[in-house]
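Below: the structure, in structure tokens.
For the single chain, residues carry numbers from 1 onward in sequence order.
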Amino acid sequence: MTRLKGLDLLALGFMTFALFLGAGNIIFPPSAGMAAGQSIWPAATGFLLTGVGLPLLTVVALARVGGGMDRLTAPLGRIAGTLLAVAVYLAIGPLFATPRTAVVSFEMGVAPFTGNSATPLLAYTVVFFAATLFLVLNPGQLVNRVGKFITPVLLAALLVLGGAALFAPAGEIGATAESYRNGPLLKGFLEGYLTMDTLGALVFGIVIATAIRDRGVSAPALVTRYSMIAGAIAAVGLSLVYLALFYLGATSQGIAGDAQNGVQILTTYVQHTFGTTGSLLLAMVITLACLTTAVGLTAACGEFFSSLLPVGYRTVVVVFTLFSLVVANQGLTQLISVSVPVLVGLYPLAIMLVSLSLLDRFWLVQSRIFIPVMTVTLVFGVADGLSAAGFSDWVPELFTTLPLAAQSMGWLVPVLVTLVAAIVVDRVLGAPRANTGASRS
């Protein structure tokens, strides 16, 4: 029986960390930290719950069921499960997240030197996605190429940036913005959505498992164990990065108080602290972070859609890479404006899917719990998504008067009520728990 050595496990953890650390992980914490100001720690705690805790639980849930997202969605039925998986993979892949990695890395790492115009963006994205395609065409080498070579360079650059934020802050922690004065923890929780890491974990789970099996590990128990270790290593790394970037933002109000987003905050801080050399460092950090995430997302989409459709892995990754190239050239503002309402609608589904899966031993028949709870989550999640998109007139007034509706979490109370009712029905009707569990093992 093949077992991974310590260095191999560390490389696997580094690969997982690099897959998660992308555009959103670097640009959103500084802006959240600046807005949080004196409320930085409760806001950071909320952000860590969705930016680190939920992705880690998702990796654990996928490791437990021993497969990809299809195993998690099995209690929903084939059609509903497939539709949910397709929506998540498209959102985290060619529609939003993958193009965003290219655009953000361009705007932060290259645009300061070339100007933010269409021609440099096109030239950069062509090179970026060519490199992405090169790395994903042989997914079995992801651990070697990403975990052992790219990630150590990325970590070294992040250590310099994080160390500067902690030991050479631009100023004192600033004032708290209006949006964070009431309920900073909940506000931070919602900001964590923007990293897309929970959705990313749903698609990275199969990439992590494949990388482990490609190292010769075949025992399901070991694959599960190593996946959890990799997720834990990534969670520790992400937490340290987020806390450092939160502090960087909170202490940069004096030099970047007029900044509109995390890109401007980071760029201003780095130029202030390091000058041109710092800008080059930032360009390297952002490019490597975004490249590794694009590689992971494209590889995951290739694995999923090649198993779902009668086309090969290579065909899928080539088509999706070209599509991402086209979308990326629409610009960052357009991407973010469209992605936010989609994330508001999708994230509740992901949260409940993972939560119900982790608690599956408590359900007598999983479908009795999953189907009603996920249906209600979908209805209220769509309502929150429409409100976030500015279509509040399309949403019935009842939905807008629910607790936490103003914070895009109006789904929470109805879903919890549905869960309690489903549990009661499940217990009253009774069922052979062993058969339900066996279907997912």
Side-chain angles (χ1 to χ4, degrees), residues 14 17-18 20-52 104-105 107-109 111-112 151-177 180 184-185 187-188 191-192 194-195 197 233-290 292-293:
F14 280 178
F17 169 77
F20 279 111
L21 188 70
N25 309 78
I26 293 178
I27 67 173
F28 292 119
S31 58
M34 178 173 286
Q38 296 292 335
S39 299
I40 177 176
W41 301 123
T45 299
F47 193 94
L48 291 179
L49 288 175
T50 41
V52 177
V104 169
S105 59
E107 292 202 0
M108 292 189 67
T151 311
V153 176
L154 174 60
L155 283 174
L158 284 171
L159 282 174
V160 173
L161 182 60
L166 294 175
F167 299 109
E172 299 294 327
I173 294 178
T176 301
Y180 275 86
L185 189 145
K187 179 64 175 175
E191 288 291 315
L194 298 176
T195 66
D197 278 351
I233 293 173
V236 171
L238 288 172
S239 297
L240 294 176
V241 169
Y242 289 156
L243 290 174
L245 292 178
F246 252 82
Y247 188 71
L248 183 153
T251 54
S252 295
Q253 286 190 13
I255 62 170
D258 296 330
Q260 300 299 311
N261 53 54
V263 173
Q264 296 174 11
I265 295 171
L266 275 175
T267 302
T268 302
Y269 173 82
V270 169
Q271 185 66 35
H272 169 81
T273 306
F274 298 105
T276 303
T277 303
S279 296
L280 292 173
L281 171 67
L282 183 64
M284 179 176 66
V285 171
I286 293 299
T287 301
L288 289 177
C290 292
T292 52
T293 300

Could you pull out every donor-acceptor pair under 3.5 Å between side chains of residues 158-171 and any protein atom, sequence neighbours left out?
none

Check: residues 247-255 side-chain donor-acceptor pairs under 3.5 Å, at least two apart:
| residue | atom | partner | partner atom | Å |
| --- | --- | --- | --- | --- |
| T251 | OG1 | Y247 | O | 2.8 |
| T251 | OG1 | L248 | O | 3.3 |
| S252 | OG | L248 | O | 2.5 |
| Q253 | OE1 | A175 | N | 3.2 |
| Q253 | NE2 | M34 | O | 2.9 |
| Q253 | NE2 | A175 | O | 2.8 |

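Note that CD1 of I233 and CZ of F17 are 11.5 Å apart. Values are rounded to the nearest 0.5 Å. Annotation: the span from L238 atom CG to D197 atom CG amounts to 6.0 Å, rounded to 0.5 Å. The line from CD1 of I27 to CD of E107 is 9.0 Å long, rounded to the nearest 0.5 Å.
Taking all atoms of both residues into account, the shortest heavy-atom contact from F246 to A32 is CZ-CB, 3.6 Å. In this structure, I265 and A259 approach most closely via the heavy-atom pair CG1-CB, 3.5 Å. For the pair P30 and L266, the tightest heavy-atom approach, listed with the atom from each and the gap, is CG-CG, 3.9 Å. The heavy-atom pair separating T176 from A36 by the smallest distance is OG1-O, 2.8 Å. The heavy-atom pair separating S239 from V52 by the smallest distance is OG-CG1, 3.5 Å.
For the pair S31 (side chain) and F28 (backbone), a donor-acceptor distance under 3.5 Å is present. Between the side chain of N25 and the backbone N or O of F20 there is at least one donor-acceptor pair closer than 3.5 Å. A donor-acceptor pair under 3.5 Å links the side-chain atoms of Q38 to the main chain of I173, judged by distance alone.
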